[in-house]
Amino acid sequence: MSDALNYLVKARPDAVGHYFAFLKACGTRLDPKTRNLISVISKVHAQTERGLRQYLGRALREGATPAEVLDALLMAFPMLGLAKIVWAVDIILALDLPEFQPGALGAPGDWHDVMATKGFKVGATQRAECDGRGLFVHRAEKEWRVYDSRCPHQTTNIPDLALQGCTLTCPKHEWQFDVRTGDCIAKGTSPLKRWPSKVVKGRLLANW
Ligand code: FES
């Protein structure tokens with residue numbers, strides 16, 4: 001909520017309280033995902049960046065997929081127009097959410113040269129930077145696993161120090177992940193985002 005609304009709630013609770021009660025009562029028959037997607041559209045219409053970021057995060061946490069967010073934006077074209085949709089997409093891209101990368105949305109992504117495979121032991125995990133993206137690379141017996149370093153909770157860029165053995169702990173709210181599977185093993189619910197990878201001539205490549 002904006003500072004101005006916080007101020008009005010405190011200064012005029014008798015009047016502004018009715019406004020919030022009205023908003024709360026409006027969406028009782030909608031599921032949380034739909035409610036938050038509608039709020040995303042209303043924030044784009046009003047062009048409030050903070051509100052867009054807030055409700056986008058809520059919509060994703062309530063199970064909305066990036067494709068559904070884009071559908072909602074495009075369906076609102078008659079109300080929003082292209083300029084506001086582009087404004088919203090620019091903000092979403094600036095958030096650098098891995099699930100909005102073209103590769104994650106089913107569009108052909110680009111292959112990126114992550115590192116040499118020589119000397120990387122089976123069972124080892126290493127953090128890497130590649131073309132502006134943070135990664136955790138794990139080498140299993142028969143495959144490589146490349147994860148985005150952005151936490152699936154609130155996109156914290158998880159640092160190298162967060163890795164202990166096979167457990168990665170996000171410093172912000174302590175969601176924990178097993179780098180052997182990418183699964184969330186404590187506090188949270190969503191796994192790490194895994195990128196497709198392949199080895200070509202001794203180099204590990206990843207696609208996003
Ligand atoms: S942002 Fe990582 S646990 Fe919340």
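Just so you know, ligand 1 is whichever comes first in the structure, and atom 1 is the first atom listed for that ligand. Note that the coordinates shown come from a computational prediction; the quantities given were computed from them, not determined experimentally.
The ligand atoms of ligand 1 that sit less than 4.0 angstrom from a heavy atom of T156 are 1 (S). Applying the 4.0 Å criterion to heavy atoms of H153 picks out, from ligand 1, the atoms 1 (S), 2 (Fe), 3 (S), 4 (Fe). Under a 4.0 Å criterion applied to the non-hydrogen atoms of Q154, ligand 1 contributes the atoms 1 (S). Near W175, meaning under 4.0 Å from any of its heavy atoms, are these atoms of ligand 1: 3 (S).
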Could you check D131 against R133 for salt bridge (Lys or Arg N to Asp or Glu O under 4.0 Å), going step by step and ending with a plain yes or no? CA-CA 6 Å; D131 296 339; R133 183 160 297 285; over 6 Å; no

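Looking at D148, its side chain does come within 3.5 Å of a backbone N or O of R150 through a donor-acceptor pair. For the pair H138 (side chain) and A124 (backbone), a donor-acceptor distance under 3.5 Å is present.
Of the charged side-chain nitrogens involved, at least one lies within less than 4.0 Å of a carboxylate oxygen, so that R194 and E143 count as a salt-bridged pair. The pair E49-K43 fails the salt-bridge criterion, with no side-chain N (NZ, NE, NH1 or NH2) lying under 4.0 Å from an Asp/Glu carboxylate O.
For the pair SG of C151 and SG of C170, the angle at atom 2 (Fe) of ligand 1 is about 110°; rounding is to 10 degrees.
Taking each of K172, R150, H173 in turn, the one with a heavy atom nearest to atom 4 (Fe) of ligand 1 proves to be H173.
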